[in-house]
Protein chains: 2
Amino acid sequence: MRVTIRDIANRLNLSTATVSKVLSGRESTFISEATRQRVLETAREMGYRPNRVARALVTGKTDIISLWAETLAPYHTEVVNLLMDQMRPYGFELIVTDMVKHPDWRAYCEKFPQWQVDGIIALDSPRCVRVYHEANPMVRTPLVSIGAYYLEEGDFVGVDLYSGAVEAVQHLLEAGCRRPAYLVCEYGHHVGDARYDGYISVMQQAGLEPLVIVAEQSSRPSARQRMHEYLQEHPCPDGLFCFNDEMAIGAYRALCERGIRVPDDVAIVGCDGIMDTEYLERPLSTVVQPVAEMCRLGWEFLLRRIENPSVAPQQVLLKAHLVVRDSSTRR
Amino acid sequence: MRVTIRDIANRLNLSTATVSKVLSGRESTFISEATRQRVLETAREMGYRPNRVARALVTGKTDIISLWAETLAPYHTEVVNLLMDQMRPYGFELIVTDMVKHPDWRAYCEKFPQWQVDGIIALDSPRCVRVYHEANPMVRTPLVSIGAYYLEEGDFVGVDLYSGAVEAVQHLLEAGCRRPAYLVCEYGHHVGDARYDGYISVMQQAGLEPLVIVAEQSSRPSARQRMHEYLQEHPCPDGLFCFNDEMAIGAYRALCERGIRVPDDVAIVGCDGIMDTEYLERPLSTVVQPVAEMCRLGWEFLLRRIENPSVAPQQVLLKAHLVVRDSSTRR
DNA sequence: TAAAGGTAGTTAATCGTTTACCGTTAAGCG
DNA sequence: CGCTTAACGGTAAACGATTAACTACCTTTA
């Protein structure tokens, strides 16, 4: 059986209140140093472990943060890691949920308040946030959205994907591309749309014909397969702006396999700036997300609201910036 | 304010017991269909969300699983993803903890029972398991260890890293290497040791001089930096067996940067079989972990024990197998 | 007609803490 | 000596569910 404060109290002929006050650290009334020590000592001897479930029931705090992400692809994992580093000193645990693969993310979001977490971080998950809020208008769990910019109330750390995309496509044109394509995945969410808008705007301004290649998923295998299919039926574009680095790496692999040279035949630019892009034989140009700043601010906003639920919502818009590497540098 | 079953009961002039029985799905006594519908309807109208904290306090079940991993490097993330896929149909949430970066993993493991999770999956974390058990001898939370094989009681899905390493190093010798090195990280844990043993045994049997290169961490940047340092002072080995794929990719990058050709000058073999290894210009040979099987069995064992705590512990030892790709194939 | 059994729902204890609000004791003070 | 006050700790009511045991009423059945 589990050791409870009652067991300790009985053993010492004290009340549970006294034991609780010592063990929880917050002594609302005076407890003598001698008693404190006796309690601490006995707790250690008996192997007492506080029951956080019971504690949470009365305090309303679980010390758990929930992270909603689309997937746990490398980019998202980098974010998870950075967030964990931020949170750790404050003693929170992290529950991670990848919503895209979730069989019923809608019902999950609707019923989410049942978990009683202390805060929610929504990474590029505006759909989930919307469903959650609509189903629970009266719930006020601290929530911060981070990721791609979109119209949003409440705390928010956004990244301007549009101008990042513009920068990338302009760079492709400057590198000499005349028919650069946009490689994206099927499911149209706001991240893909923002980058699409940037791509289209530059192409139109340059008077060039846009070309969009659509793969099933935003993963490496999917992009690789789609590029193979595409190249069997069509001429090769001379540039590739990709929805994310995963797709860029997948496409790159397909090009290698077909003997197409990068960057001479095709210049490639990805998005996100995951670590993998630096470790290819020909490092990948990419629009780097300011993940460190994003996580730092995101956690700052969330913690502020946890400590004081009534502070005014804060919103920040960060810039993504292009990093040019070999995959788009022609001599 | 939050809606409770008491609110529903009051509104309908029923007892909380009746409401609870309907809402929790398990009706131990008869409830008329009419009442059932009224309760369900009212719960929906009032936006009732069950309080899982309160439920957990009485049932002793939180529906939360904890995953202990060393880090969230790509290999571990693949495992996390696979485990989530397994667990999802059963309605469990996952709390992820990366222990290596944890400022005080020891205290964390000692006090872990406070979280009251329903089960623990320890991925390559024997140290944590040991500390946890020693500090909590009477606690019987279902726990399954998965990963590298080591002496272990309780449920366990292991992988025979030793023979995987042997296979890899023998392959390097067959590819013509005469002084292949083992690239590993500083902190000696059982995973590194098992692979080291395999390396040493093959080298000794072949009458060759072992050579171990030690980086600070098992990450790409660390391996890359260490290889640069090493090559400034020493001649280049003609083969590289790496602790994991991360280090292999980092080392590969360093070699590229120094103009050393792979596989002609150096043949490389990594370990784990992460997806990245397939997406390099020159795909990486690697000892693939049977992650899918590992996760499938791991979850099966854990679920079995959750449902019936007294079943006999089950242990399985899987094989890792070498996949030869371009990075070690000489013509 | 009395016992048995089924149906529908209630009572109240319980899970392990926290915490607002009360005692009790003894020292301090005029 | 009587009163105040600080020091130390206890009482008991939450928190929001679950659940064993029980009541009350209505039908069967022998």
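Here is the naming used below: chain letters follow the sequence lines, and residue numbers restart at 1 for every chain.
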Peer 1: Find the distance Trp115(A):CH2 to dA17(D):P and express it as a whole number of Å.
Peer 2: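 Interatomic distance, CH2 of Trp115(A) to P of dA17(D): 14 Å.
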Peer 1: Counting the atoms with a prime plus P, OP1 and OP2 as sugar-phosphate, which does Arg36(A) contact under 4.0 Å by heavy atoms, base, sugar-phosphate, or nothing?
Peer 2: nothing
Peer 1: For Arg36(A), is there an ion pair with Glu33(A) - N to carboxylate O distance below 4.0 angstrom?
Peer 2: yes
Peer 1: I need the Tyr108(B) OH to Glu93(A) CD distance, nearest 0.5 Å.
Peer 2: 3.0 Å
Peer 1: With a non-hydrogen cut-off below 4.0 angstrom, is Ile31(A) in contact with a base, only sugar-phosphate, or nothing?
Peer 2: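 Sugar-phosphate: the residue Ile31(A), judged by heavy atoms under 4.0 Å, touches backbone atoms but no base.
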Peer 1: Any base atoms under 4.0 Å from Leu23(B), or only sugar-phosphate, or nothing? Heavy atoms, all strands.
Peer 2: nothing
Peer 1: Base, sugar-phosphate, or nothing for Ser20(B), non-hydrogen atoms under 4.0 angstrom?
Peer 2: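 Base contact.
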Peer 1: State whether Thr4(B) places a side-chain N or O below 4.0 Å from either non-bridging phosphate oxygen (OP1 or OP2) of dG16(D).
Peer 2: no
Peer 1: Once you round it to whole Å, what is the distance between P of dG16(C) and CG of Asn10(A)?
Peer 2: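 Taking atom P of dG16(C) as the reference, CG of Asn10(A) is at 13 Å.
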Peer 1: How close do Arg305(B) and Pro309(B) get, heavy atom to heavy atom, and via which atoms?
Peer 2: NH1-O, 2.8 Å
Peer 1: Atom CZ of Arg6(B) to atom P of dT10(C): distance rounded to whole Å?
Peer 2: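 Checked: the CZ to P distance equals 14 Å.
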Peer 1: Under 4.0 Å between any heavy atoms, over every strand shown, what does Asn13(B) touch: base, sugar-phosphate, or nothing? Just pick one.
Peer 2: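 Since only primed, P, OP1 and OP2 atoms lie under 4.0 Å of Asn13(B), the category is sugar-phosphate.
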Peer 1: Which is true for Arg52(B) with a 4.0 Å heavy-atom rule: it touches a base, it touches only sugar-phosphate, or it touches nothing?
Peer 2: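 No contact at all - Arg52(B) keeps every heavy atom at 4.0 Å or more from the nucleic acid.
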Peer 1: Rounded off to whole Å, could you give me the CD-to-P distance for the Glu33(B) and dT7(C) pair?
Peer 2: 14 Å
